[in-house]
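Naming: A, B, ... by sequence-line order, numbering from 1 per chain. For the numbers below, each heavy atom of this structure counts, side chains included, while hydrogens, waters and symmetry mates do not. Predicted, not measured: the structure shown is a model, and the values here were computed from it.
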Amino acid sequence: MAANAIEIPTSASGELLTADGRPLKESLQRSLRRRKLTALALVAPAVVFLFVLFGMPVLYLMTWSVDDTLINEVLPRTFDIYEQWDGEALPPEPHYEAMFKDIADATGIQIGRGSTRMNYAKSKWKSLMKKTKRKIKALLNENPDFAGPYKETLLEIDKRWGDIAFWHSLDIMKNPYTAGYYLNAFDLKYGFDNEIIQQPENRRIYKTLWIRTLLISFIVTAACLALGYPVAHLLATLPLRYSNLLMICVLMPFWTSLLVRIVAWMIMLQQEGVVNDTLVALHVVDDENRLPMMYNFTGTVIVMVQILLPFMILPVYSVMKGISPAYMKAAQNLGAPPAIAFLRVYVPQTLPGVGAGVILVFIVAIGYFITPELVGGKDGQMIGNYIARHLRSTLNWGLASAMGVILLAAILILYWVYDRVVGIDNMKMG
Amino acid sequence: MALPAYYTTGQRLWHRTYLVYCGIVLFFLVMPLIAVIPLSFTASPFLDFTPGMLRLDPEAFSTRWYKMMVGDCSAADITTVCSDKWVIGARNSLIIAVIATVLATTIGTIAALGLSRVDLVGRRAIMAFLISPMIVPLIITAAGMFLFYAELKLVASFIGVILAHTVLGLPFVVITVTATLVGFDQSLTRAAQGLGGTPVYNFFRVQLPLIAPGVISGALFAFITSFDEVVIILFLGGAEQLTLPRQMWAGIRQEISPTILAAATVLVILSILLLTTVELLRRRSERLRGMSPG
């Protein structure tokens, strides 16, 4: 044993030492730590960048869905003493005084935004607040030293101040956090004693909307599977030089701008479009009865299927590519008819790809916004469209974020399933 | 594809049906894109095939929509809107996409280097976070940015749009470069280090040339993501930030004219070019790694 001849430096306690006299163990640990830190330093810029510009916006959106502090800032005095009221009869003078002073001190913008929020709890709050603000302003202009009686004055300004229902509705707004927007997102709301009740009939739209969003996503996913599976099989079994050519047909739409594809579909599906023209020329339909295929549910589904089909074909294809044809041959040699061999031997092996494709298409479909907005018309609208509408038109940011959070939660669950089935690392593109 | 001679008539018929079915599906995928191209050369201001076009009458064709797209309004008539918005949009899109791509590629490649090290703690969690902009629906990202960037005074500014597009492009770079690094022989960097190169020098002279195909295709993904992006720009863009997709969106919603088809044709051709580039790069990268014969 030649190695024994070399003198190995050891410490007094018998530990191995490196050339500079440190224990080897410590030295190795140090270098490992340094390598860990280097790896961390390399990913740090990306993590920080994404956290600030992507993570924080999404978290911030979430806070909006439960945030109810605005109203407490507009009516601080009222909420301060609200608890002292027994809720049986109309509140006594101090409560009216607090309300009067809060309205007098609030700016016009605060009243505007606050009363919009109050209107979600009980309708007519908005008009009551605006009218009262106007009247109080005029009153204080005439008599800056006005000191009561407040209850009488408010009742004189509007008799609705004598309606106990308005006072009761304040109870829900007192808490700086609310689950109210989540209830709204399912056509529910808080009743007077904080019990959860249904929205009035004419304001129930969201349940239908969620169901439609899920329905569209299901139909699109099912259609993509039905159309994509055979094509993936063809691409996987054809000789390379043919399949490469056909692959272009799959990848070209994948790479083309979303809006270009939508414009293309408008040409195809509109009343005077290519499909209708062809059907009329073939005498399948009359010139008067051209099929409405655009700006409705059908249009949304057709366009979404074409847009999402590559997301189904590609993962299924990549799994099929790895299945040896020997299995099918073996099954048939053992006496299975081709159909049985296909169903019992081939299909089970493709399931990982199918699972990946199904979840991927579903995840993408459920959050769609652009396609339904442009080709959906009225009955093709999805949840994404309402999020955009509440953010930009009605300015009901609370409801928009609650809907966004519900959608995100659904997608994260599906994503977790996806990770279980295929693993994030196996995600393939192109 | 020749069928085995022992196939029964039923099997042959079944096989035919299967081929026809696949043909129809592939046709369904590409047909709308192909229909756009001839229609962009229409002479009429409507988006349908005129009888003249079907007869291939030269009178029915014109290139005036292309002229109008590049801002040459001499071809416009009273019924059509002509402006230089398409040109402005294309220029803005290009500027935004180039800067966002450079940022995303730089940050993403560095992160991929870290992710490919075995010593990284919490690798799975970090990877999941870095690709999460791909998973979160755009409408939710846009909503969050709309509210949060307002606090940072980044709404209606080029910087805001560029940063948002960098966020969207980053996952693509991280995924493609990480995938390329799997096939990279780490002993090469160790050899370079042993020969006395500094880590930065080694990266640019040894590692980068070898992983370049992955970096470039990641960059192309990031570029096309930004160049085609509609949702974020609708929420974050002000009047100044007119991009090509935004102009297209406005065109579809308001004054739908064949100018959109001209722009669409240009974009289809652009996407074919990009697709070919990425495919060539992928093959080159596989050849370099010795994974496929050619």
Q) Parallel, tilted or perpendicular: which fits the ring planes of F369(A) and F235(B), with parallel below 30° and perpendicular above 60°? A)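 Ring orientation, 0 to 90° scale: tilted.
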Q. Do the ring planes of F221(B) and W255(A) sit parallel (below 30°), tilted (30 to 60°) or perpendicular (above 60°)?
A.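 Tilted: the ring planes of F221(B) and W255(A) meet at 30° to 60°.
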Part of [X] lying under 4.5 Å from any heavy atom of chain A:
X       : answer
F146(B) : side chain
I224(B) : side chain
W14(B)  : neither
T178(B) : neither
F28(B)  : both
L103(B) : neither
L120(B) : both
E151(B) : side chain
L170(B) : side chain

Counting C-beta onward and ignoring hydrogens, is there a side-chain heavy-atom pair between [X] and [Y] closer than 4.5 Å?
X       : Y       : answer
T256(A) : L267(B) : no
L374(A) : W249(B) : yes
L50(A)  : I107(B) : no
V167(B) : F49(A)  : yes
M31(B)  : W265(A) : yes
F148(B) : L61(A)  : no
L33(B)  : P253(A) : yes
L29(B)  : P310(A) : yes

What residue, out of [options], has the most heavy-atom pairs lying under 4.5 Å from chain B?
options                          : result
S257(A), G404(A), G367(A)        : S257(A)
I370(A), D277(A), I387(A)        : I370(A)
M62(A), H233(A), R261(A)         : H233(A)
G228(A), A226(A), G55(A)         : A226(A)
V58(A), V405(A), V47(A), I302(A) : V47(A)

To the nearest 0.5 angstrom, please state how far the [atom1] atom of [X] sits from the [atom2] atom of [Y].
X       : Y       : atom1 : atom2 : value
L246(A) : L26(B)  : CG    : CG    : 5.5 Å
D119(B) : R34(A)  : CG    : CZ    : 12.0 Å
L251(A) : L275(B) : CG    : CG    : 5.5 Å
M56(A)  : L152(B) : CE    : CG    : 7.5 Å

Contact part of [X] toward chain B, heavy-atom cut-off under 4.5 Å: side chain, backbone, both or neither?
X       : result
I363(A) : side chain
V375(A) : neither
F51(A)  : both
V274(A) : side chain
Q270(A) : side chain
A388(A) : both
M252(A) : both
I411(A) : side chain
M266(A) : side chain
R392(A) : side chain
L259(A) : both
N385(A) : neither
L32(A)  : side chain
I313(A) : side chain

Q: Test side-chain contact (heavy atoms from CB on, under 4.5 Å) on V263(A) and L261(B) and set out the steps.
A: CA-CA 8 Å; V263(A) 171; L261(B) 302 183; 3.3 Å; yes
Q | V43(A): which of V174(B), L115(B), I110(B) passes side chain to side chain contact (heavy atoms under 4.5 Å, CB included) | A |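 Output: one option passes, namely L115(B).
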Q) Quick one: does Y149(B)'s side chain have a donor or acceptor within less than 3.5 Å of a partner on L53(A)'s backbone? A) yes
**Q.** Donor-acceptor contact present, side-chain Y415(A) to main-chain S132(B), <3.5 Å
**A.** no
